[in-house]
Amino acid sequence: RLDLAVSATLNQPLQQQVSDYLGKLTDSEFAAQTGLLGEHLLSPQLTQDVRYSFTLFERGANGNRVRVQTDTTGQPFDINEGSKLELGSTAKLRVMATYLEMIAELHRNYAGRSPAELRQLEQQVNPRDNLSVWALDYLRGNPQASLAQMLDAAVERKYSASPGEIFFTGGGAHTFNNFRKEDNGRLPTLREALRESINLPFVRLLRDVSRYSTYHMAGNTAQLLSDDQDPRRRELLNRFADKESTVFLKRFWRKYRDKSPAEMFDTVLEGLRLSPPRLAAIHRYLYPRATPEEFAKVMQARLGKLNPPPKKLDELYKRYGPGAFSLPDQGYIARLHPLELWLIGYRMQNPQADFAAAVAASRDERQEVYGWLFKSRHRSARDSRIRIMVEVEAFTDIHQRWARLGFPFDHMVPSLASALGSSGDRPAALAELMGIILNDGVRLPTVRIDDLHFAAGTPYETRLERESTNGKRVMLPEVAATLRGLLAGVVENGTARRLKGVLKDAEGQPMAVGGKTGTGDNRLETVTRSGWVTSSTARNRTATFVFFLGPRHFGTLTAYVAGEESNRFKFTSALPVQALKGMIPLLQPYLQAEATACQAPTPENAAKAPLFATRPTSGTR
C-alpha cells in the first residue's frame with residue numbers, strides 16, 4: 001500500500017483563474033476588452049496565434065515559492081524553464097546589474113583614499129577603462145561618498161544614443177539601431193535609457209563593462225601588449241600564456257563536461273552566425289576523418305539555403321582539412337577561442353580523460369595559441385586577432401558574473417549584441433534575477449513542494465519537510481536597492497507605464513511595482529558583403545515583461561509566436577504589460593493578503609487540505 005499526501009506551493013484557485021484568463025486572450029472580443037488590440041499590440045485576426053506563459057513567485061522564509069506556473073501551449077514543453085529565447089531588452093537588466101557590481105568593486109577598492117593617492121592611481125589606469133577613470137574622478141570630488149551615493153551617481157552617467165558608430169565586436173564590424181528614431185540624437189542618462197529601453201547606450205555600456213573585465217583580469221592581454229619594446233615581454237607573455245590558457249581551458253572543460261560528442265558539436269555552434277567557411281573550419285577540425293559525403297550532409301543540415309554547390313563544398317572540404325591551418329588560425333576562421341576547439345576535439349578522442357590529462361596534453365597547443373603575441377610581421381592583422389581574443393576573454397568573465405545571478409546557459413555570445421538579447425535567456429531565469437533584486441541580493445532556491453507525508457496513521461508513517469535556508473548572497477544590498485529603484489521607474493514613466501498605479505494595497509494605496517520589458521524578433525538573414533539584407537526568415541517573436549508586484553511577489557509574462565508565422569506579428573513588450581494589467585483584478589486579492597496567510601503550511605494544516613493526495617483502499621499503487 002502507498003499512502004502519500006503532498007503539500008505543494010501552487011495556489012490552485014489562482015492557478016486556475018490565471019490559466020482561464022490567458023486562455024481567453026485568444027478570443028478577439030475578450031482581447032479587445034482587455035486592451036490587447038492596437039499599435040504595437042495585436043489585430044483581431046491574430047489573437048488566436050499568440051501563446052502566453054506566466055509565472056508568479058512569492059518570496060518566503062525558505063525560498064521562492066511558485067504560486068502560479070501556466071502557459072497556453074497545451075504541450076509538455078515549458079516555455080518558462082525549457083526554452084532558449086531571444087528576449088530582447090530584458091538583457092539590459094543583466095548589463096545594468098553587472099555594471100553596478102563593477103562600480104561597487106571600484107568603491108570598495110578606492111573609497112577612503114586621499115586625493116593624492118587617487119591621482120596617482122588614475123595615472124596607472126588605462127584611459128580606455130572608462131569605469132575606473134570615472135570612479136577615481138568621482139571619488140576625488142566626493143571623498144565621503146557612500147556606496148549608495150556612488151551607485152546613484154553611476155546611473156546618472158550619460159551615454160550617446162547615436163547609431164552612427166561602427167563597433168568592432170563579435171569578430172567583425174557591426175552597427176546597431178534604436179527602436180525609435182527619435183532617440184538617435186539623444187544623450188540620455190543610464191536611468192533614462194533603462195526606463196525607455198534605448199539600445200545604443202547599453203551597447204556602449206557593455207563595451208565599457210567588457211573593457212573593465214579586460215583591464216582587471218590578472219595578466220590581461222591588453223596590458224601585456226601596451227609596450228612592444230618592454231624587455232620583460234617574452235617572460236611575461238610566456239607566463240601569461242601558460243596561466244591564462246589553463247584558466248580558459250578549465251572554463252571550456254566545465255562548459256562541455258558530461259556532454260556527448262554530438263552535444264558538444266551542437267553546443268559549440270549555438271549562437272554562431274554560420275557561414276560555409278566557418279562551419280567547414282569547425283567540422284573539419286573536429287571530425288578530421290569525416291568523408292566528403294558526411295561533410296556535405298552536415299553542411300546541408302546546418303546551412304540550409306546558404307549551403308554552397310557541390311564544387312564549392314569539395315573546395316571547402318580540402319581547404320580546411322587536417323593540417324591545413326594552425327590551431328590559432330583555425331580558431332580565428334571559426335571565430336572561436338582555439339582552446340575551445342582543441343578541447344572539444346580532445347574530448348571526442350579521449351572521452352575518459354580528466355582535466356589534469358587535458359592540461360598535460362595541451363601544453364604545446366596552449367603555447368601555440370598565444371604564439372601570435374611574439375610575432376612582429378603583419379601588425380594590423382595581429383591586432384585584429386588580438387581584439388577578437390581580448391573580447392572573447394572579457395566575455396568569459398561577464399558570463400561568470402551573469403551565471404552567478406541565474407543566467408541559465410553555460411556560455412554567452414561574446415558580442416556587444418548581447419546587451420540587446422543575442423545571448424538568449426529564459427523567462428524563469430529572469431524571474432530568478434528579479435527575486436534576487438527583490439530579496440536584497442540574496443539568491444533563494446525555487447520551492448514547489450513543502451511537505452511529503454507518507455502512510456499517515458500507520459507504523460510506517462514518515463514526513464519529509466523542506467529545511468529552512470538563508471539563501472546565498474550574490475549581490476550587495478545597495479546594488480539591489482538601486483536596481484529596484486530603476487525598475488520602478490520603468491513602470492512609473494517608462495516602457496511599462498501602463499501599470500502605473502493599477503495595484504493597490506488593502507488601504508487603497510499604490511503598491512510598489514517595477515519591471516523590465518523586452519522584445520525579441522528572432523530571424524535568419526542573408527546579407528551581401530556591403531551589408532544589404534537579401535533574405536529574412538522569421539524564426540519566432542517574443543515579448544516579455546519581468547516584474548515585481550509589491551514587496552514579496554515577482555514573476556514573468558511572455559507572449560510568444562513560433563515559426564515563420566511570427567513574420568505577420570509586430571507586437572512589442574507592450575503586449576505582456578497590457579495582458580498583466582488585465583490580470584491585476586485576479587491577482588490583487590492575493591497580493592493584498594497578509595504575509596502570515598501566505599507562509600508555508602504547518603505539518604498540522606498541510607495534512608488537512610493537500611493539493612494532491614492518493615489513499616488507495618486496496619491493492620498496491
Side-chain angles (χ1 to χ4, degrees), residues 170-172 210 213-214 217-226 228 233-257 264-265 267-269 272 277-278 280-288 320-350 353 355-397 399-400 411 413-415:
S210 66
S213 289
T214 294
M217 291 169 64
N220 68 76
T221 309
Q223 290 179 352
L224 290 173
L225 295 176
S226 61
D228 280 345
R233 178 181 177 82
R234 180 165 291 275
E235 178 189 352
L236 289 172
L237 291 179
N238 278 329
R239 286 165 47 196
F240 165 77
D242 184 68
K243 179 180 178 181
E244 292 299 299
S245 63
T246 303
V247 170
F248 285 103
L249 192 70
K250 188 170 186 178
R251 291 176 183 174
F252 297 134
W253 179 271
R254 290 172 178 167
K255 177 177 177 179
Y256 294 100
R257 182 173 52 196
M264 287 191 285
F265 187 63
T267 299
V268 77
L269 296 184
L272 297 183
R278 193 175 193 179
I282 295 172
H283 185 268
R284 293 294 284 130
Y285 182 84
L286 297 179
Y287 297 96
Y320 296 106
F325 294 93
S326 67
L327 178 58
D329 286 341
Q330 203 87 14
Y332 176 71
I333 296 167
R335 297 296 191 268
L336 292 169
H337 199 297
L339 289 178
E340 185 170 7
L341 270 180
W342 179 88
L343 181 65
I344 297 172
Y346 176 78
R347 288 210 58 221
M348 286 181 172
Q349 300 299 321
N350 303 274
F355 178 68
V359 172
S362 64
R363 183 181 182 279
D364 293 341
E365 285 77 7
R366 288 188 289 111
Q367 288 295 322
E368 181 186 8
V369 164
Y370 288 91
W372 48 265
L373 295 173
F374 301 101
K375 298 176 183 178
S376 59
R377 296 181 60 198
H378 310 299
R379 177 69 181 270
S380 61
R382 185 173 77 252
D383 286 348
S384 68
R385 296 186 182 195
I386 290 171
R387 288 198 298 271
I388 292 171
M389 297 300 297
V390 165
E391 185 175 52
V392 168
E393 292 174 359
F395 270 85
T396 60
D397 175 62
H399 173 260
Q400 287 185 326
H411 68 288
V413 179
S415 165

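Here the structure is a predicted model, which is why all the values come from computation and not from measurement.
Within the 4.5 Å cutoff, the side chain of V413 has no heavy atoms near those of the F395 side chain. Side-chain contact between R366 and L339 is present, with heavy atoms from C-beta onward closer than 4.5 Å. Contact annotation: the side chain of M264 never approaches that of L343 to less than 4.5 Å [non-hydrogen atoms, C-beta and beyond].
One finds the OG atom of S245 at 10.0 Å from the CD atom of E393 (value rounded to the nearest 0.5 Å). Atoms OG1 and NE2, on T396 and H411 in that order, are 13.0 Å from each other to the nearest 0.5 Å. For the atom pair F265 CZ and H283 NE2, the distance stands at 5.0 Å (nearest 0.5 Å). Distance OG/S213 to CD/Q400: 9.5 Å, rounded to 0.5 Å. Taken from OH in Y332 to OG in S326, the straight-line distance is 12.5 Å, to the nearest 0.5 Å. Between Q367 atom CD and L327 atom CG the span is 12.5 Å, to the nearest 0.5 Å.
Annotation: side-chain contact (heavy atoms from CB on, under 4.5 Å) contacts of V247 (sequence neighbours excluded): R251. Among residues two or more places apart in sequence or in another chain, the side-chain contact (heavy atoms from CB on, under 4.5 Å) test is passed with L272 by L269, L274, R278, I282, L336. Scored by the side-chain contact (heavy atoms from CB on, under 4.5 Å) test, R257 finds W253, R254 as partners (sequence neighbours excluded). Listed by chain and residue number, W342, Y346 satisfy the side-chain contact (heavy atoms from CB on, under 4.5 Å) test with A361 (two or more places apart in sequence, or in another chain). Every ring pair (Phe, Tyr, Trp, His ring centres under 6.0 Å) that Y320 has, sequence neighbours left out, goes to F325. For Y256, the side-chain hydrogen bond (donor to acceptor under 3.5 Å, both in side chains) partners are E340, not counting sequence neighbours.
Judged by distance alone, with hydrogens and angles left aside, the side-chain atoms of S362 form no donor-acceptor pair with the main-chain N or O of E365 at under 3.5 Å. Between the side chain of Q330 and the backbone N or O of P338, no donor-acceptor pair lies under 3.5 Å. Remark: side-chain polar atoms of E368 are not paired, donor with acceptor, to backbone N or O of P328 under 3.5 angstrom.
Across all non-hydrogen atoms, the minimal contact from I333 to A281 is CG2-CB, 3.6 Å.
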* To do: Test side chain to side chain contact (heavy atoms under 4.5 Å, CB included) on F355 and L249 and set out the steps.
  => CA-CA 9 Å; F355 178 68; L249 192 70; 4.2 Å; yes
